[in-house]
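The chains referred to below are lettered A, B, ... by the order of the sequence lines, with proteins before strands, and numbering in each begins at 1.
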Amino acid sequence: MVLSREHRLRGRFVFDRLYQRGQRQHGDLMVLRHLAAQPELLKPDPRDHNPHSCRLGVVVSSKVSKRAVRRNQLRRLLHNHLSQLVRSLPDQAADRWLLISLKPGSAEASAEALLGECSQLLAKAGLRP
RNA sequence: GAAAGCAGGCGAGGUGAUCGCAAUCGGCGUCCGCGCCGGUUGAGGAAAGUCCGGGCUCCCCAAUGGCCAGGCUUGCUGGGUAACGCCCAGUGCGGGUGACCGUGAGGAGAGUGCCACAGAAACACACCGCCGAUGGCCGGUUCGCCGGCACAGGCAAGGGUGCAAAGGUGCGGUAAGAGCGCACCAGCAGCAUCGAGAGGUGCUGGCUCGGUAAACCCCGGCUGGGAGCAAGGCCCAGGGACAACGGUUGGCCAUGACACCCGUCCCGACACAAGCGCGCCGCUCGAGGCCACCGGUAACGGUGGUCCCAGACAGAUGAUCACCCCCGCGCAAGCGGAGAACAGAACCCGGCUUACGUCCUGCUUUCACCC
RNA sequence: GCGGGCGUAGCCAAGUGGUUAAGGCACCGGAUUGUGGUUCCGGCAUUCGGGGGUUCAAGUCCCCUCGUCCGCC
């Protein structure tokens, strides 16, 4: 299951704002940045109907892995996980922006470790199942 | 049967279901922004490395032609191609028992440079050595000459050095020797002949020339230069008013022709910051794929038919389940296992290189065994 | 997309085609000392990232490749 359009972070200004002002939760494998939603910064798209929905993003730089296939796998794994989480917690997640950046070394970690740490960081940020 | 060589194909098996993503088509609805429903399509042989060649776009050389400079791993011959440093066929050389494979393969007889150590000498020679026929000296003499010395001189066979010592081996020849003569081999030149050519074969000749050009270089060949889709174009928001922007990347000649400044209203999402388009096009139909026939040894070409096959912009192509297919165990029911590896489009093609690899197919060689 | 550099011992590194590839730190052994440090002497068995080629000879020249760092739009 891939993130749908209304749950994706889109536009350069959105990412600039998250990097500058987002609150950070650090883990061993990744960094979580989160922020209250500011819908006016989103890249306008007429097909996007819910500006207040939860917005998610996953960043996997080429320092994580030099091979694009591995980066795609990591992105899909986390997208799947986050997509299910957003569905299970619609109320807590509304009006939140979340950005996960993987650190170098996470390419060798197992799927369980990555998803476990992801849930842990989300809990620190206030998102508990 | 084993080992090996070559050529070629394939590379997320098939069907269905559920939840999702991207593009597109149709229908319905619409507040004209879009929504819903249904259909279709959705990574690769290397998409990679970026090592070459192009297409396309803009800038510069005014344009066209030419010359020079510069550049080029361009370098046997003939062909293929839009082009190539690629491909095909052949020649020579090298390797392998063989099938077959490799090949940067012009010139050292234009010039310059280098050839460490060793060695006498590395475009030039005599250390050890051989001889001393001819001269010279000494002795003898039957006055013909003989013996000795190694002074002049001759030689480069043998030894030694080295990657390499100037044709090799053998016989003759000689004072000793030497292509000095001869036979064979290798090389060179000329002639004849075969071939489209690189070259092959044969005959004759005089006997002879170190290596290195992936050292500089010479010769032949090719070539306008530069930037790259973040190219570039369009729309407008806006900006500037004698400033801004452009005149960026070789020279010369035909030709009067590159300037002591020139041109134009200009720039344009670029203009101090803030703010203002996270705009549109380019963007996928192409030297295109597949099939058949014809020409060609082949690379490839021609004709006809047929198909439309990713176009994102924080960037899609994913997850789960069931059955069938395959393998192992088992009489069977059934149980267990594998479907991988290398790897992810970003303007597009043709090559090369590298990574990976299972399965399959065909042909051939060598060895062993049987008939 | 375009372009550039680097790779030599555990670390930092020098190296006009020609002996056995400088040097420093570290490490090891020995000497000196009652012991340790300092000092002195000796050592470090380095496929010069990997493969292939040219050459009599390659760390050096040529080609391919791997890793790594960086620049510009």
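As a whole-Å value, the separation of Leu56(A) CG from C21(B) P is 14 Å. Summarising the geometry, the separation between CG on Leu9(A) and P on C313(B) is reported as 15 Å, rounded to the nearest angstrom. The distance between atom CZ of Arg67(A) and atom P of A343(B), rounded to the nearest whole Å, is 5 Å. One can place CG of Asn80(A) at 14 Å from P of A316(B), the figure rounded to the nearest angstrom. Atom NE2 of His7(A) and atom C1' of A314(B) are 17 Å apart (whole Å). The separation between Leu99(A) atom CG and G315(B) atom P is 11 Å, rounded to whole Å. In this structure, Arg71(A) atom CZ and A43(B) atom C1' are separated by 16 Å, rounded to whole Å. In this structure, the CG atom of Leu82(A) is 18 Å from the P atom of A314(B), given to the nearest Å.
Residue Gly27(A) comes nearest to Leu121(A) through the heavy atom pair N-CD2, 4.1 Å, listed as atom of the first residue, atom of the second, then distance. In this structure, Gly22(A) and Leu35(A) approach most closely via the heavy-atom pair CA-CD1, 4.0 Å. Between Leu9(A) and Gly57(A) the shortest heavy-atom distance is CD1-N, 3.6 Å. Across all non-hydrogen atoms, the minimal contact from His34(A) to Arg96(A) is ND1-NH2, 3.3 Å. A pairwise comparison of heavy atoms in Cys118(A) and Ile100(A) identifies SG-CD1, 3.7 Å as the closest pair. Closest of all the heavy-atom pairs between Ser61(A) and Arg71(A) is O-CD, 3.4 Å.
Counting heavy atoms from C-beta outward, Val60(A) and Leu78(A) have side chains that stay 4.5 Å or more apart.
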Distances under 3.5 Å between protein N/O atoms and the N/O atoms of nucleotides 276-278 of chain B, please, pair by pair.
residue, atom, partner, partner atom, Å
C278(B), O2, Arg12(A), N, 2.7
C278(B), N3, Arg12(A), N, 3.4
C278(B), N4, Leu41(A), O, 2.5
C278(B), N4, Leu42(A), O, 3.0
C278(B), N4, Lys43(A), N, 2.2

Does Leu32(A) form a side-chain contact (heavy atoms from CB on, under 4.5 Å) with Arg24(A)? I'd like the steps, not just the answer. CA-CA 6 Å; Leu32(A) 170 69; Arg24(A) 296 171 202 166; over 6 Å; no
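A residue-by-residue look at Asn72(A) and Arg75(A) shows that Arg75(A) has its nearest nucleotide of RNA chain B further toward the 5' end. Of the two residues contacting RNA chain B, namely Arg70(A) and Val59(A), the nearest-nucleotide position lying further toward the 5' end is that of Val59(A).
Atom OG of Ser101(A) and atom CZ of Arg33(A) lie 4.5 Å apart (nearest 0.5 Å).
Across A198(B) and G304(B), the matching P atoms stand 41 Å from one another, rounded to whole Å. Look at the C1' atom in both C52(B) and C2(C): the space between them is 16 Å, to the nearest Å. Taking the C1' atoms as reference points, G15(C) lies 43 Å from G251(B), given to the whole Å. Going from the C1' atom of U354(B) to that of C51(B) covers 11 Å, rounded to whole Å. The gap from the C1' atom of C188(B) to that of G78(B) amounts to 28 Å, rounded to the nearest Å. When the C1' atom is compared between G95(B) and A2(B), the two are found 25 Å apart, to the nearest whole Å. Using P as the reference atom, G5(B) and A17(B) are 49 Å apart when rounded to the nearest Å.
A43(B) takes the syn form, because its glycosidic angle lies no more than 90° either side of 0. Glycosidic conformation at U284(B) (O4'-C1'-N9-C4 for purines, O4'-C1'-N1-C2 for pyrimidines): syn, within 90° of 0.
Between Arg76(A) and U317(B) there is a side-chain N or O to OP1 or OP2 distance below 4.0 Å. Within the 4.0 Å cut-off from OP1 or OP2 of A314(B), not a single side-chain nitrogen or oxygen of Arg55(A) is found.
Judged by Watson-Crick or G-U wobble contacts below 3.5 Å, the nucleotide G20(B) has no partner. Within the shown strands, G159(B) is the pairing partner of C127(B) under the Watson-Crick or G-U definition, both distances less than 3.5 Å. As the counterpart of U81(B), no nucleotide is assigned, since no Watson-Crick or G-U wobble pattern has both distances under 3.5 Å. Remark: G173(B) base-pairs with no nucleotide; criterion is Watson-Crick or G-U wobble with both hydrogen-bond distances under 3.5 Å.
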